2 protein chains.
Amino acid sequence: MHTRRRYHHGDLRSALLTRAEETLREKGPAALSLRELARDLGVSHAAPSRHFKDKQALLDALALTGFDRLDEAFATRLEEAGDSFPERLAAAARAYVDFGTANSELLDLMYSIKHTPEASEDLLAASQRWTDRTVGLIAEGQRRGEVREGPLERVGVGVFSTLHGYATLAASGSLPSEVREQGLDELVAYMLRGCAPAKAD
Amino acid sequence: MHTRRRYHHGDLRSALLTRAEETLREKGPAALSLRELARDLGVSHAAPSRHFKDKQALLDALALTGFDRLDEAFATRLEEAGDSFPERLAAAARAYVDFGTANSELLDLMYSIKHTPEASEDLLAASQRWTDRTVGLIAEGQRRGEVREGPLERVGVGVFSTLHGYATLAASGSLPSEVREQGLDELVAYMLRGCAPAKAD
DNA sequence: ACCTGAACACCGTTCAAGT
DNA sequence: ACCTGAACACCGTTCAAGT
């Protein structure tokens, strides 16, 4: 007797996203095709359109899951981290860099998608939420007196740029190989000096 | 009598690149099609294959022109800049950021292209050449005693990450609007503190 | 509600043939 | 040397029709 499976296995939408990420990772963004996805999952080529109005809609949704997982990894690292600002900044850096190296094509998709003329509302929100989260970390440091005073948008932009740049460079393989993991502590020290209070001694 | 024009106007290859960059800028990377390019230029759809074996080959060539122009802008700014390290770092930052905001889709292409399974030799070289150039700037600072000692790959990575991150964030519109131009001086100061010699006073 | 099958306009790539 | 025209396999999207 026909059990709970709807047509193929119950949740085509998430199956499409999962498969899409696999081929993105394995064959690159240019190889991503709705029809091939449908074939891989054993449904007709028109089936995906019930769940994503567009190929772009699927890409947006995929990027969104990326931001969700980045947030999650970020939160997890922060929970595990110590209480001091340097430790928390290091945890954030590690979360970002690890995510970027483990999901380089996805990270690229997450940020390149803004260049498409019509960017999804949810995606812009997710991107903004992620920005706010890392800026929030700087605010923490400020309250503890480990980050110089001033408006957050100005004080935080350096650290945010460094984190983003390092993560994307690591993801695109543009970082000298001897740097990566060992370089992270040094990068954190660099950021700390950069945003340290004006004068202490 | 048939003048010097070969078939259409003499240099299809560069005409393709020029037109490709226009549509990249105006309609985004997804809208780039060899056949439409050919139509726009009034040649047959098969004509581009004489100059680019592949769509990917055209994209690679386009990214390459991007690196060339970035190098050029960088060199020009450095010539105009004063002699001091802070001034030269500021000039470099401005060159990078201006290029990124004026050519955001192209900058994205230049770096995302490494995620394609088969990356062109020339393109990797151009990317490396650009990295070397900015690291060279750090080496300058080191010789003048304005940058801390240590191996260049380790000392330079912070500044390089910050520059790259700021430029790509600016390009993707992820930077709070009030920051951009005014924020650059502050960013330079942040980088200078980050890579300053260990102790001075 | 969810999917199929056929149809349409488009695409990248190849290749014999033209000048 | 450089380009055309036809051909092939593929693609995204739409829509009537099926269950």
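These numbers were taken from a predicted model, which means no experiment stands behind them. The chains referred to below are lettered A, B, ... by the order of the sequence lines, with proteins before strands, and numbering in each begins at 1.
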Worksheet item: Would you say the side-chain atoms of A:H164 and A:Y96 include a donor-acceptor pair closer than 3.5 Å?
Response: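 Yes, A:Y96 and A:H164 have a side-chain donor paired with an acceptor closer than 3.5 Å.
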Worksheet item: Are side-chain N/O atoms of A:S84 and A:E87 paired as donor and acceptor at under 3.5 Å?
Response: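 Indeed, the side chains of A:S84 and A:E87 share at least one donor-acceptor pair under 3.5 Å.
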Practice prompt. Please step through salt bridge (Lys or Arg N to Asp or Glu O under 4.0 Å) for the pair B:E21 and B:R69, ending with a clear verdict.
Written response: CA-CA 13 Å; B:E21 185 174 352; B:R69 276 154 47 200; 2.9 Å; yes
Item to complete: Evaluate side-chain hydrogen bond (donor to acceptor under 3.5 Å, both in side chains) for A:T65 paired with A:D68, printing each intermediate quantity in order.
Response: CA-CA 5 Å; A:T65 70; A:D68 287 345; over 6 Å; no
Item to complete: Under the side-chain hydrogen bond (donor to acceptor under 3.5 Å, both in side chains) rule, what do A:S161 and B:Y190 come out as? Steps first, then yes or no, please.
Response: CA-CA 11 Å; A:S161 297; B:Y190 160 86; over 6 Å; no
Practice prompt. Take nucleotides 9-17 of chain D nucleotide by nucleotide from the 5' end and write B, S or -, depending on whether a protein heavy atom sits under 4.0 Å from the base, only from the sugar-phosphate, or from neither.
Written response: --BBBBB--
Worksheet item: When the distance from CZ of A:R13 to P of C:dC2 is rounded to whole Å, what number comes out?
Response: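 Atom-to-atom, A:R13 to C:dC2, this comes out as 12 Å.
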Fill in: CA sep, side-chain torsions, deciding dist, call: B:Y111, B:W130, ring-ring contact (aromatic ring centres under 6.0 Å, His included)
CA-CA 12 Å; B:Y111 277 96; B:W130 165 247; 8.6 Å; no
Worksheet entry | Exceeds 12 heavy-atom contacts within 6.0 angstrom, atom CD of B:E26 |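 Above 12, so yes.
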Discussion item. With a 6.0 Å cut-off (strictly less than), is the heavy-atom count around CD of B:E149, excluding the residue itself, greater than 12?
Written reply: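 No, CD of B:E149 has 12 or fewer neighbouring heavy atoms, counting only those of other groups under 6.0 Å.
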Discussion item. For DNA chain C, please output the secondary structure as dot-bracket, reading 5' to 3'. Pairs are Watson-Crick or G-U wobble, both atom distances under 3.5 Å; mark crossing pairs with [ ], other-strand partners with |, unpaired with a dot.
Written reply: ||.|||||...|||||.||
